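Notes follow once the structure below has been shown.
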Amino acid sequence: MLDRKFIVENAALVKENCARRNSKADIDRFVALEMDRRKKQQDVDELNRKANEKASSIGKAPADQREALKAEGRALREQCDAAKEELAKLDAEVDGLQRSIPNMSHPQAPVGGDDQSNLEIKKGKHAPPKFDFKPLDHVQLGEKLNLIDFDAGAKTTGAGFYFLKNDAVLLELALQQYAVNMLMAEGFTPTITPDLARNEVLHGTGYIPRGPETQIYSIADSDLSLVATAEITLGGYFADTILEEEQFPIKMCGISHCYRTEAGAGGRASRGLYRVHQFTKVEMFAFTTPEQSDEMLEYFRDLECRIFDGLGIAYRVVDTATGDLGGPAYRKYDLEAWMPGRGNGGEYGEVTSTSNCTDYQSRRLGIRYKKKGEKGTHFAHTLNGTAVALSRAIIAVLENYQQADGTIVVPEVLRKYMGKDKIGG
RNA sequence: GGAGAGGUGGCUGAGUGGUCGAAAGCGCCGGUUUGCUAAACCGGUGUACGGGUCACACCGUACCAUGGGUUCAAAUCCCAUCCUCUCCGCCA
């Protein structure tokens, strides 16, 4: 979320930003309510001061005066309680509005209402493969080679779930190792995170469990949800912590399962593994100072490119338009890999995404840092990026590396992890 | 799951319901001393919000796991929740 003071002092800017981002957040109302809240806070402080004063005078007063003083104290405390109640109401309302306001946007992010305005900024090292046969999509390949079983997933769990089988399992593990090894070499601390998180942490990272359009599965009778990405748990890792400036940048990566309800996502190009309720992901995360975060975003983007260049898969990178950024992101790059089985004769499909969330998440999560020799604290910047989303990476590998004889060549970089150079045949 | 113990400042650890934002020690920062380092000594050392200031200073309020309650007054009493530790049981 944005800083309250910032919103009040820059209401025009924030409003403009909301317009670019397709956000209906009511800034005028926020400002008015926040001013009321501040005034009420002052009232409460003043009443508290008086009541405290009264209370401490009672301890020193002679016994015969105490009853009278107590009555006065009681009256003050009642007034104070009433004011507090009003304050709490105002605060809740302000908070609700504040959460609904999206992050500010990078000045160079393309302006536009939706993903049609996303700007392609580069292509990968490799061109899409040319086939002298009609390529299959991953669902057909998965079935032919006995790699993915959607029917069994539907039977045990429901539509949108699946079993990976045989070499698909090795492929998934190989992709994980490939990504994690690269990240470790880059100085990331590898983690395997919890797959569930407290709702408070979800909120802090900008995910809304139990909202009307939520993507999140909630656990009944608890305040836990299944995570939609390790971004949630990694972001929460340093919640309510004051770090030292010298500790930055902190780079972590996390392997987790990701659970998404995909409410209202039916009907789109979501065949097979593309849009599923559960998948595994290796996620990158960084905590930085404000000065470091722009550069870190470029670095994350570069790593994502290296991962797909290394796999020998064609892709393009898009700079996400303001209207398509979501709440927390200040700037976001998506990497879209070539998927020969998608659409009519192949299409690009999103495989990774990296965002600079500036202090939007850390403000709510309470991730702060101190500068040496300076009073007070600053909010850290947080960034996240997909190293590899296994479900979609598997689509890309299967479809791009399929052969005329129905087998699939294992990308060079994965062979040492898979222990073989070919799937099927 | 059962039985117990406990959660206090960066850490360790005191704290009779009023004088406690909280003793003491450690750490850290600044200073003195000193060939250098160390030691010793002196001083300082939480966060947020609001007021105040050119900026400091300063003032107010809140925070002793979290949320409620009792009371004029709660770190201290009561209840609930969460977390940690020990023992027992169960279990991959």
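Computed from a predicted model, the values in this text were never measured in an experiment. Throughout, protein chains are lettered first and strands after them, A, B, ... in sequence-line order, and every chain is numbered starting at 1.
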Sorted by position of nearest nucleotide on RNA chain B, 5' first, the leading residue of A:R49 and A:D3 is A:D3
RNA chain B: A:K50 or A:S57, which has the more 5' nearest nucleotide? A:S57
What salt bridge (Lys or Arg N to Asp or Glu O under 4.0 Å) pairs are there with at least one residue in residues 318-335 of chain A, not counting sequence neighbours? A:D319-A:R331
According to the salt bridge (Lys or Arg N to Asp or Glu O under 4.0 Å) rule, which pairs have a member within residues 178-194 of chain A, sequence neighbours left out? A:E186-A:R306
Would you kindly give the [atom1]-to-[atom2] distance between [X] and [N], to the nearest whole Å?
X	N	atom1	atom2	result
A:L87	B:G60	CG	P	20 Å
A:K84	B:G67	NZ	C1'	14 Å
A:L76	B:U61	CG	C1'	15 Å
A:E53	B:G60	CD	P	10 Å

Listing request: all ring pair (Phe, Tyr, Trp, His ring centres under 6.0 Å) pairs with a residue in residues 379-403 of chain A, at least two apart in sequence or in separate chains. none
Residues pairing under ring pair (Phe, Tyr, Trp, His ring centres under 6.0 Å) where one sits in residues 355-374 of chain A, two or more places apart or in two chains, turn out to be A:F248-A:Y369, A:Y369-A:H378
Consecutive-pair stems (3 or more, Watson-Crick or G-U, under 3.5 Å) for RNA chain B: B:1-7 with B:82-88, B:10-12 with B:24-26, B:27-32 with B:40-45, B:46-51 with B:58-63, B:65-69 with B:77-81
Could you pull out all donor-acceptor pairs under 3.5 Å where a side-chain atom in residues 25-34 of chain A meets a protein atom, sequence neighbours excluded?
from, atom 1, to, atom 2, distance (Å)
A:D26, OD1, A:D28, N, 3.4
A:D26, OD1, A:R29, N, 3.1
A:D28, OD1, A:K15, NZ, 2.8
A:D28, OD2, A:K15, NZ, 3.3
A:R29, NH2, A:E93, OE2, 2.2
A:E34, OE1, A:R37, NE, 2.8
A:E34, OE2, A:R37, NH2, 3.1
A:E34, OE2, A:R38, NE, 3.2

In whole angstrom, give me the gap between the P atoms of B:U76 and B:C85. 24 Å
Separation of the P atoms in B:C20 and B:G13, to the nearest angstrom: 24 Å
Which residues share a ring-ring contact (aromatic ring centres under 6.0 Å, His included) with A:Y299, sequence neighbours left out: none
Excluding sequence neighbours, so at least two apart, what forms ring-ring contact (aromatic ring centres under 6.0 Å, His included) with A:H277? A:F161
Phosphate OP1/OP2 of [N]: any [X] side-chain N/O under 4.0 Å:
X	N	value
A:K5	B:G50	yes
A:R368	B:A48	yes
A:T377	B:A48	yes

Side chain of A:K370: nearest nucleotide among B:U61, B:C72, B:U47? B:U47
With side-chain hydrogen bond (donor to acceptor under 3.5 Å, both in side chains) as the rule and sequence neighbours excluded, what pairs involving residues 143-160 of chain A come up? A:N146-A:K165
Can A:E200 and A:R198 be counted as an ion pair, charged N to O under 4.0 angstrom? no
Before accepting this row, confirm whether a basic side-chain N of the pair A:R49/A:E46 lies closer than 4.0 Å to the acidic partner's carboxylate O. yes
What contact category does A:L69 fall into here, base, sugar-phosphate, or nothing, at under 4.0 angstrom with non-hydrogen atoms? nothing
Expected list for residues 74-81 of chain A: side-chain donor-acceptor pairs under 3.5 angstrom, two or more places apart:
from, atom 1, to, atom 2, distance (Å)
A:R77, NH1, A:N48, OD1, 3.1
A:R77, NH2, A:N52, OD1, 3.4

Within residues 35-48 of chain A, the residues having a heavy atom closer than 4.0 Å to RNA chain B are A:Q42, A:D45, A:N48
I'd like a table of atom pairs between the protein and nucleotides 73-83 of chain B - only N or O on both sides, under 3.5 Å - with the distance next to each one.
from, atom 1, to, atom 2, distance (Å)
B:A73, OP1, A:R77, NE, 3.4

